Amino acid sequence: MSLQLPNELNLPPHLSAHKYFLVCTLTVAAWDSLVLSPRFWRLLKSPGWPALKILFNFLRFFMPIEFIVVAVAFFDTKWSPEQCQKFYLFEPICTAILLAAASATHVIRIHAIYEKNRNILAGMCALFGIQVVVTGVACGFYRSVPLLPGQGCIAGPKHNWVGIYWVAPTALYTASFVLALYRSISSLKQRPLSPWKLMLRDGLNLYGSIWIVNMVNMLFWFIVKPTDNSDPVRTIVTSMAAVLTTSMTLRIVLSVRGTLEHGGSFALSASSGGATSSRTTHGISRSGHATHISTHGNQHTYTLDELRTKPEGEWTSNDADTKSSVNIGDDGLKRMPDSDGGIGIKVTIDREIGYDESDRYKK
């Protein structure tokens, strides 16, 4: 006597693999949402709402919501084929929206790291426009994969050429990765770095991960052949590709140093081009004790009350990477050399203040 398994357990190999991949996809989405929560709240509390911040928050919430709904339709054994006929376009349409938001983030960021280059913007916008049109048109050529009752609901392509749905965003992410890599390599002329530090500084691992996962997805679309009309092998990796693309794009936004206005800036921009840096000295003194500061022979004396009311002085250096040096002379005074080798600033401390073990002033 043979035992007949129910449809939800009697799954063909590719359909079973599809369900396992979707479980992995949901695990990655849940873990990513959990790990990024502290950084998400810090970004949410930051002032202003630039485009990258808006896109970050949209991707942050839209991605898990989409795939929770997709998982319910896929794993619910009571989901009928009639219900699937009304629902199957949900995933391709929502994924197209998700990819459009992620791609817009790449366009803004690449434009920013190339210092608002209009040619770069025009090229990236052209790829973005093609992606939106292609994914929108391709959604009309999806169908409901004919599965048995109890095996869930999956959307699949009607024709092999529907894979252009993923060709368009993959082309944009390829351009994004190549441009980010070229910008980083070009910066080595200004500040040499090891490949590892360069990768971490500019997030090249994030761009590369997005490119790799989308290329693997393309292999499943155009190389792996389905066994029959109900074989979902072409769409096995699509959910994982969308989730990892979103996850890495969120990290690209979080890796931006400084403000997100206008897409942020390149990591080396703040220290290149002859930028100057300012350094400020801070002093602690008791009331009634004077601090003498002399600059090129002009001596000035300030008391504590005057120091509290006067703004802190600063000086600039023509080289942003120049480190200040302090020399102690034979008379016990600290001197800082200026650019021409003379004594730029001399600080004389009339009285030293000691500290006891409880870090309080000694009386």
Side-chain angles (χ1 to χ4, degrees), residues 2-35 62-99 135 138-139 141-160 162-163 165-166 169-170 209-210 212-248:
S2 61
L3 179 63
Q4 183 66 31
L5 294 175
N7 293 333
E8 57 268 23
L9 297 179
N10 188 21
L11 303 174
H14 288 168
L15 181 59
S16 180
H18 200 300
K19 287 184 178 286
Y20 279 117
F21 257 88
L22 189 55
V23 171
C24 295
T25 299
L26 294 173
T27 304
V28 171
W31 175 253
D32 188 69
S33 299
L34 180 63
V35 169
F62 190 82
M63 182 266 286
I65 292 174
E66 175 192 347
F67 288 102
I68 287 173
V69 176
V70 169
V72 170
F74 194 18
F75 291 103
D76 189 359
T77 58
K78 297 180 180 180
W79 202 277
S80 65
E82 292 75 18
Q83 288 177 295
C84 191
Q85 286 295 331
K86 301 177 182 179
F87 174 80
Y88 71 92
L89 283 178
F90 175 84
E91 182 177 4
I93 291 176
C94 288
T95 301
I97 296 172
L98 191 71
L99 292 175
T135 52
C139 285
F141 295 90
Y142 272 79
R143 63 181 174 86
S144 173
V145 177
L147 302 178
L148 298 176
Q151 291 184 343
C153 179
I154 309 175
K158 293 180 180 180
H159 311 284
N160 191 40
V162 182
Y165 178 101
W166 286 97
T170 302
S209 299
I210 293 173
I212 289 172
V213 71
N214 280 274
M215 288 301 297
V216 170
N217 185 35
M218 295 289 296
L219 296 178
F220 273 82
W221 268 95
F222 294 106
I223 295 180
V224 179
K225 300 297 183 181
T227 56
D228 53 37
N229 194 38
S230 61
D231 189 353
V233 66
R234 284 177 177 154
T235 58
I236 282 181
V237 191
T238 54
S239 298
M240 181 65 79
V243 168
L244 289 180
T245 298
T246 304
S247 176
M248 297 299 106

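The model shown is predicted, which means the values in this text are computed figures rather than measured ones. Note that the numbering runs from 1 along the sequence shown for the chain.
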Scan residues 15-35 for pairs that pass salt bridge (charged side-chain N to carboxylate O under 4.0 Å, His left out), counting only residues two or more places apart or in two chains. Asp32-Arg251
Residues at least two apart in sequence or cross-chain that pass ring pair (Phe, Tyr, Trp, His ring centres under 6.0 Å) with Phe90, listed by chain then number, are Phe87
Just jot down the side-chain hydrogen bond (donor to acceptor under 3.5 Å, both in side chains) partners of Gln83, sequence neighbours excluded, or say none. Ser80
Could you list the residues that satisfy side chain to side chain contact (heavy atoms under 4.5 Å, CB included) with Met215, not counting sequence neighbours? Thr170, Trp211
Residue pairs meeting side chain to side chain donor-acceptor pair (under 3.5 Å), one or both in residues 64-75, sequence neighbours left out, come to Glu66-Thr95
Does Asp76 have any side-chain hydrogen bond (donor to acceptor under 3.5 Å, both in side chains) partners at least two apart in sequence or in another chain, and if so, which? none
Not counting sequence neighbours, which residues clear side chain to side chain contact (heavy atoms under 4.5 Å, CB included) with Ile236? List them please. Ala17, His18, Phe21, Val233
Sorted by chain and residue number, the ring pair (Phe, Tyr, Trp, His ring centres under 6.0 Å) partners of Phe67 (sequence neighbours excluded) come out as none
Can you tell me which residue pairs pass the side chain to side chain donor-acceptor pair (under 3.5 Å) test with a partner in residues 218-228, sequence neighbours excluded? Thr227-Asp231, Asp228-Ser230
Residues passing the side chain to side chain contact (heavy atoms under 4.5 Å, CB included) test with Ile212, sequence neighbours excluded, are Val216
Asn217: side-chain hydrogen bond (donor to acceptor under 3.5 Å, both in side chains) partners, not counting sequence neighbours: none
I'd like to check the ring pair (Phe, Tyr, Trp, His ring centres under 6.0 Å) partners of Tyr88; sequence neighbours left out, ordered by chain and number. none
